[in-house]
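Please read the structure below before turning to the comments.
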Amino acid sequence: MPKVKTNRIKYPDGWELIEPTLCELDAKMREAESDPNDGKRKCEAFWPIFKIAHQKSRYIFDLYYKRNEISKELYEFCLEQGYADRNLIAKWKKSGYESLCCLRCIQPRDHNFGTTCVCRVPEHLREEKAVECVHCGCGGCASGD
Amino acid sequence: MLKSTHKSVSGPQQGNLPAGWTEHKAPTGHTYYYNAETKQSTYTRPVTFTPPVAQAPIVHPSYPTDRQSQFASTPASTNFARPAFEKRVPRRDHGANDRPKTKHAIPGCLPWLLVKTKLGRRFVHNPETGESLWKIPEDVMKWVLEYDIQSQRRKHGQPEKTETEHSTRIEPHQDERVEETNEHESTTVEAAKVEAEPELASDEEYEEVEVTDDEDAEGPSKRQKLSPAADEPDQAAELGEDDMAYQLAEMEALEADFDDDNAMNDAEDSGWTDADAIASFHSLLDDHAIDPFTTWASVLDAGHILDNARYTHLPTTRARRDAFATWSTAHIARARAAKHAHAKQDPRIPFLALLHAHASPKLFWPEFRRKHKRAPALRDPALPDRDRERLYREHAARLAKTPPAALVADLHALLRSVPPGEEWNAASSVHGALPAALQSDVRWISLPAARRDALVQEFIATQLPAPADAAAGGERVAAEARQKDQERREEALRGRREVVEEARRRQERDVRVERARMAEGEEERRRALAVGKGGLVASVAMGREEEQGEE
Ligand SMILES: [Zn+2]
Ligand SMILES: [Zn+2]
C-alpha cells in the first residue's frame, strides 16, 4: 500500500524561532476566549480577544516589514495559518492607519452618523483625553498620537 | 508635644479671605484654601495683607507615553483622570510625624552616618553593623561635632540660593510641603495655647530654626546654645528602635524616589551618555537570556527585568522599547550569520555521529533504522536513504573486520589528508569545530571517541604548523574591547551616580528652602525678626498676642 502523507505542514525556515512567541500568544488567546467575563460590561467581553489578535498581527507585521527578520515565505505561511490578519496588516501599510487597532473601528456602518470610532480621532482634537472605544477597548490609535 | 493635631484652627476665624482665595473641604475633613489664580493651595488660612509667597509653578510630571502601539504595554483602562485634590491630601502614615531628611557620612569615622529627621532630631547609623543610636556614642560624637563645625564653615562660605533655583521643585513634593505647613501651624497653635515654658519655647524655636534652615548646620549648634541639651534623652526614650528602623527605611525610600525622578535628568556632563544607557539596557537583556524573537509586551509581562537597576537607566518605556527593538534585530542578525555558517554543514556529519554513538556490527541496517527512526539525523531529507545505508554497512564492516591498528592508521591518514589552513585554525581556538572534511568521513567514527580525541589532540599539537592565531587573536581583541567598554560604562555610571546624587542633594535643599518659604508667613517672619531684640520667650508671647488680636 502506498504511503499516504496526510496533514503534513511544511514549516518554512525560521519558524522555530518565532514559534514560541506565537504559541504564547495563542495560549493567551485561548485563555481570553475561555475567560468567564464576570462583572465586565457587555462590550468589554471581547476586548482581550481583540487585543491579542492585534498583538499577533502586529508581531508578524513588525517582524516582516519593520525588523526584516523573517522571510517572505514564512510571512506568507503565518498569514495562511491564520496567525495574523491579512486585512488588518493591509491597513497598517496605508498612511494614516499605521497603528489602527481593529477593522471595526474604521467601519462606517458600525457607527452612528457613518463615521469612525472615537479612538481614531487624534488626541489633540478629542474633548476627553482618556477614551476606551466600545469595539476593542482601544485608547487611541490615530497615527500622529 | 510635637504631635500634629488638626484642630479647628480656622474655625473661629470666619472673616473674609483675600481676593482669589476660596475655602474648600478636603475629603479628610480638613479645611483648605485654594487660590485659583496662583494655583496655590494651603491649609493655612491666608491673611489679607499677606502677599502669596513663593509662587512656584507646578510642574506636571511627564508620563511616559507608549503610543505607537496602544496595546504595547499596559491596557489604557487605568487612565482615569484623578481629581486634583488627591495630591493635596497630606499623607499620614506610620503615625509618626517625623521622618528622615538627610543622611551624611561622618568624615573621620566612616561607616557611621549622621541621619537627620525632619523635626531636626539626629541619630547615627552604622550601615555595616546595622546599629542605630539616638544617643551618639562618645567616639562618634567627637567627629560629629567636627563635622558640624566644618559644615557650618562651609555654609558661611557659600552664597545664598538664588530665586530661580527654587522653581525646579517638582510636584510630588507638594503634599509634603502642605503637610509641613500643617504641622508647623499646629505646633504654633499649641505653643500659643500652652504657657510658654522655657523648654517648650526652646523646642518651638528649634522647630523654627529647623524650618528656616538651609544647610542644616546651624540647627544643632544654636540649639545647644539655647537649651542645655536636656531634651535629647527624653526624645531618645520617646522613640524606640522601631522608630529608628522606620526612619532608615523612609530614608531609603526617599532616595529610591529621587533616583527614579532624577535619573538621566542632568547626567550628561558625567560622561554617561544615552549610548551607555542603551548598552547597559542591552546587557540586561543579554543577562536575562531574553528571546530576541519575542515581543516587548511579553518581556514586560514576564517582568524579570523590571526589578533590575539597569532597567531604569533608560528614562521612558518608549526608549526601552526602542532599545529592545535594536537589540533583538542585532541579535537575530548575529544568529542568522551563525546559522549561515552552519547551513553548509554536511548532512553526513550528524548521521555519522549517530552511527558512532549507536551502531554496532550486530545490527543490520533495517533494524538500526527502525530503532532510531525518531532521530533527526535519520529524517533529514538532505541525505538520501541509499547513502545512509551504504555508510552504515561500511561502518559496520570496519568495526567487525578491521584490526584496531589499521583503524588508527586510517585515522592518521584521514587527518593528514585535510590540508592545514583555516579550518584547523578554527579547530584549535574553538573546541569541537574540527574541519567538516574530517567529520564527514566514515574513518572518523571507527575508533571510540575518547581514544580518537586523544589522537586528534596529539596530531594537532605535533603535526600541525603553529596556528597563526588569527581567529583566536580576533576573538581575544573583541573580548578585550568588550571588557574595556564594560569598565568604561561602569566608570561613567559611577560618575552619573555622583551627578544624580548631587542633583538630589540640591533638590532636597531646594525643597527645604521652599518648605521654609511656605511655612513662613509674614507673622512668623516678624516674630523671627523680633527674636534678636526681645529674646525668644518674648517673641513667642508676642506671636500669641497677635493671633488673639486677629481673632
Ligand atoms: Zn482604535
Ligand atoms: Zn478598534
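Below, read A as the first sequence line, B as the second, and so on, with proteins coming before strands; counting in each chain starts at 1.
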Exercise. Does the side chain of A:Glu69 come within less than 4.5 Å of B:Pro292's, by heavy atoms?
Worked result: no
Quick one: side chains of residues 282-291 of chain B, donor-acceptor pairs under 3.5 Å with protein atoms, not counting sequence neighbours, listed by atom name and distance.
{"unit_1": "B:His282", "atom_1": "NE2", "unit_2": "B:Ala323", "atom_2": "O", "d": "2.9"}
{"unit_1": "B:His282", "atom_1": "NE2", "unit_2": "B:Thr326", "atom_2": "OG1", "d": "3.4"}
{"unit_1": "B:Ser283", "atom_1": "OG", "unit_2": "B:Ser280", "atom_2": "O", "d": "2.7"}
{"unit_1": "B:Ser283", "atom_1": "OG", "unit_2": "B:Arg310", "atom_2": "NH1", "d": "2.9"}
{"unit_1": "B:Asp286", "atom_1": "OD1", "unit_2": "B:Trp327", "atom_2": "NE1", "d": "3.0"}
{"unit_1": "B:Asp286", "atom_1": "OD1", "unit_2": "B:His331", "atom_2": "NE2", "d": "3.0"}
{"unit_1": "B:Asp287", "atom_1": "OD2", "unit_2": "B:Arg310", "atom_2": "NH1", "d": "3.0"}
{"unit_1": "B:Asp287", "atom_1": "OD2", "unit_2": "B:Arg310", "atom_2": "NH2", "d": "3.1"}
{"unit_1": "B:Asp291", "atom_1": "OD1", "unit_2": "B:Phe293", "atom_2": "N", "d": "3.0"}

For this session: Might you confirm whether atom OH of A:Tyr65 has over 12 heavy atoms from other residues, nucleotides or ligands at distances under 6.0 Å?
Result: yes
Exercise. Rounded to the nearest 0.5 Å, how far does OG1 of B:Thr295 lie from CG of A:Asp62?
Worked result: 9.5 Å
Exercise. Does A:Lys42 NZ have over 12 foreign heavy atoms under 6.0 Å away?
Worked result: no
Exercise. Would you say A:Asp13 has more than 12 foreign heavy atoms packed within less than 6.0 Å of its CG?
Worked result: no
Exercise. Would the number of heavy atoms belonging to other residues, nucleotides or ligands and lying under 6.0 Å from CZ of A:Phe77 be above 12?
Worked result: yes
Exercise. How far does OG of B:Ser298 sit from NZ of A:Lys28, to the nearest 0.5 angstrom?
Worked result: 6.0 Å
Exercise. Looking only at heavy atoms, what is the nearest atom pair of A:Arg67 and B:Ile332, with distance?
Worked result: NH2-CD1, 4.3 Å
For this session: List the atom of A:Gln55, the atom of B:Ala297, and the distance in Å for their closest heavy-atom pair.
Result: NE2-CB, 4.0 Å
Exercise. Rounded to the nearest 0.5 Å, how far does CG of A:Leu17 lie from OG1 of B:Thr294?
Worked result: 12.0 Å
For this session: Take atom CD of A:Glu16 as the centre, draw a 6.0 Å sphere, and report whether it contains more than 12 heavy atoms from other residues, nucleotides or ligands.
Result: yes
Seminar exercise, completed: Okay, A:Leu22 and chain B: the region with an atom under 4.5 Å from a heavy atom over there is neither
